[in-house]
Amino acid sequence: MEIKTKVPQQMNSPEAKRRYYDIGLQIEEMLFSGVFKAGERLPSERELSERFETSRATIREAIIMLELKGLVNVRQGAGIYFINSPELANHRSILPKSDIGPFELLQARQIIESSIAAFAASQIKFNELRELKKVLQAQEREVNGDSAKFEELDQQFHSLIAESTQNRVLINQAAEMWSTVRTQNPLWKELNHQFLHEERLQAMWIEDHKRILLALQKRSAEEARQAVWNHIENSKQELLKIANAEDVDADADFDDYFFAQDYELDAKG
């Protein structure tokens with residue numbers, strides 16, 4: 001029997017939770033109410049998006065939340081599976097509500113931080129470039145080391161770029177994205193702890209940072225913008241690998257997030 005589930009109308013109110021969070025809780029209830037059995041394959045992302053009448057981007061965020069809670073296993077190319085151990089139902093961990101989903105955060109960072117970097121290229125001073133290089137070198141020493149320190153240096157690198165603009169609005173925007181969304185966001189913390197601290201990924205972020213620094217050293221606004229955009233695009237792609245259980249072209253379904261797969265800048269301005 002097909003179960004058609006609609007997202008409650010009150011979600012449109014200002015105090016309502018994010019859609020991915022509410023949908024994640026509804027799927028969780030379906031898991032533990034017996035709609036899905038232990039070890040059983042869940043409906044596909046497409047089927048879930050139709051069932052909940054929402055985008056597949058939202059479904060992916062909900063599935064990430066459930067995976068981090070240990071309730072589902074995402075198997076690349078095979079699908080999403082409910083946990084094999086029914087006894088886990090007695091130990092249902094609850095991630096605190098997060099108002100901002102990971103894909104939404106990446107969209108904001110891609111737009112805002114790439115613009116900040118472009119402006120910083122024309123404003124940054126020699127001593128600030130030297131400080132960025134020191135932070136980058138320190139970050140290289142932490143690859144496959146202290147992941148918390150690596151994350152701290154990552155934040156410092158991006159914060160220094162914003163501070164070099166000498167614009168308090170941009171500085172505050174950059175700080176807000178890190179402090180209230182990334183640093184204090186439980187979903188991001190769990191993603192970083194479980195998935196995003198691998199040596200391969202840290203090495204990739206380092207290379208991205210080197211390209212950003214080089215563009216700033218060249219005082220090239222367009223190259224700095226592109227370097228930061230690509231850096232965050234790489235983060236998005238890695239997150240999609242975690243979320244994408246069916247090995248499909250996911251980008252086509254991000255219509256409501258305005259993600260640009262190919263972001264081409266006209267070098268001639």
Side-chain angles (χ1 to χ4, degrees), residues 61 64-65 67-70 93 95-96 98-110 112-114 116-117 120-121 124-166 168 170-217 224 227-243:
E61 290 185 326
I64 288 174
M65 183 181 82
E67 185 178 18
L68 293 174
K69 293 171 73 171
S93 61
L95 285 176
S98 171
D99 189 55
I100 305 294
F103 295 115
E104 187 176 19
L105 170 59
L106 287 175
Q107 178 198 29
R109 287 193 62 201
Q110 208 163 30
I112 295 171
E113 291 190 33
S114 62
I116 288 175
I124 198 163
K125 298 178 176 63
F126 176 75
N127 64 308
E128 292 168 330
L129 287 168
R130 185 169 54 188
E131 188 63 25
L132 276 174
K133 185 175 182 180
K134 288 181 181 178
V135 171
L136 183 53
Q137 290 172 336
Q139 201 174 19
E140 284 187 288
R141 292 193 291 270
E142 294 299 335
V143 171
N144 204 28
D146 187 339
S147 59
K149 182 64 175 178
F150 186 92
E151 176 78 2
E152 179 184 327
L153 291 166
D154 189 19
Q155 178 180 357
Q156 189 176 351
F157 183 86
H158 288 276
S159 296
L160 283 170
I161 294 174
E163 290 166 8
S164 72
T165 66
Q166 304 297 314
R168 287 176 295 175
L170 296 179
I171 294 170
N172 289 338
Q173 276 193 314
E176 178 73 8
M177 282 191 294
W178 279 92
S179 63
T180 64
V181 179
R182 176 143 177 183
T183 306
Q184 299 174 26
N185 186 308
L187 196 57
W188 266 106
K189 283 185 177 180
E190 285 300 316
L191 281 169
N192 187 62
H193 176 71
Q194 295 193 31
F195 302 107
L196 302 179
H197 64 280
E198 299 175 4
E199 181 178 359
R200 175 185 65 85
L201 295 179
Q202 290 182 342
M204 182 189 298
W205 309 152
I206 291 291
E207 291 304 311
D208 287 349
H209 283 185
K210 287 180 178 179
R211 294 185 186 96
I212 294 169
L213 177 58
L214 178 60
L216 292 171
Q217 288 173 327
V228 171
W229 186 281
N230 289 343
H231 173 45
I232 299 175
E233 179 69 19
N234 287 337
S235 298
K236 185 192 79 174
Q237 293 301 325
E238 291 300 326
L239 189 59
L240 281 172
K241 289 178 184 178
I242 296 171

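The figures that follow rest on heavy atoms only: side chains count, while hydrogens, waters and symmetry mates do not. None of the values given here were measured: they were computed from a predicted structure.
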Checklist line | Plane angle bin for His158 and His231 - parallel if under 30°, tilted between 30 and 60°, otherwise perpendicular | finding: parallel
Note to self: Checking Arg168 against Glu163 for the salt bridge (charged side-chain N to carboxylate O under 4.0 Å, His left out) test, could you report, in this order, the C-alpha distance in whole Å, the side-chain angles of both residues, the deciding distance, and whether it holds?
What the structure shows: CA-CA 8 Å; Arg168 287 176 295 175; Glu163 290 166 8; over 6 Å; no
When rounded to the nearest 0.5 angstrom, what is the spacing between [atom1] in [X] and [atom2] in [Y]?
X	Y	atom1	atom2	result
Asn230	Gln110	CG	CD	8.5 Å
Leu153	Ser159	CG	OG	11.0 Å
Leu170	Thr165	CG	OG1	4.5 Å
Ser164	Leu216	OG	CG	7.0 Å

Next item on the list: For side-chain contact (heavy atoms from CB on, under 4.5 Å), just list the numbers for Ile161 and Ile212, CA-CA rounded to whole Å, side-chain angles, deciding distance to a tenth of an Å, and then say yes or no.
Entry: CA-CA 10 Å; Ile161 294 174; Ile212 294 169; 3.8 Å; yes
Margin query: Between Asn234 and Asp208, does the side chain to side chain donor-acceptor pair (under 3.5 Å) criterion hold? Intermediate values first, please.
Written below: CA-CA 9 Å; Asn234 287 337; Asp208 287 349; 3.1 Å; yes
Margin query: Given Val228, which partner from the list Arg211, Arg109, Glu113 fulfils the side-chain contact (heavy atoms from CB on, under 4.5 Å) test?
Written below: Glu113
Notebook entry, point to check: Between Ala162 and Ile171, what is the shortest heavy-atom contact and its length?
Noted result: O-CG1, 3.3 Å
Checklist line | Over all atoms of both residues, closest heavy-atom pair of Ala121 and Ala224 | finding: CB-CB, 4.3 Å
Check: What's the verdict on side chain to side chain donor-acceptor pair (under 3.5 Å) for Gln155 and Glu151, showing C-alpha distance, side-chain angles and the deciding distance?
Finding: CA-CA 6 Å; Gln155 178 180 357; Glu151 176 78 2; over 6 Å; no
Checklist line | Side-chain donor or acceptor of Asp154 paired with backbone N/O of Phe150 under 3.5 Å | finding: no
Output a table of donor-acceptor pairs, distance under 3.5 Å, between side-chain atoms of residues 126-143 and any protein atom two or more places apart or on a different chain; print 'none' if there are none.
unit_1: Glu128; atom_1: OE1; unit_2: Lys125; atom_2: N; d: 2.8
unit_1: Gln139; atom_1: OE1; unit_2: His209; atom_2: ND1; d: 3.0
unit_1: Glu140; atom_1: OE2; unit_2: Lys210; atom_2: NZ; d: 3.2
unit_1: Glu142; atom_1: OE1; unit_2: Asp146; atom_2: N; d: 3.3

Next item on the list: Would you check, one step at a time, whether the test side-chain contact (heavy atoms from CB on, under 4.5 Å) holds for Ser235 with Leu106?
Entry: CA-CA 8 Å; Ser235 298; Leu106 287 175; 4.1 Å; yes
Checklist line | For Asn144, side-chain hydrogen bond (donor to acceptor under 3.5 Å, both in side chains) partners two or more places apart | finding: Glu199
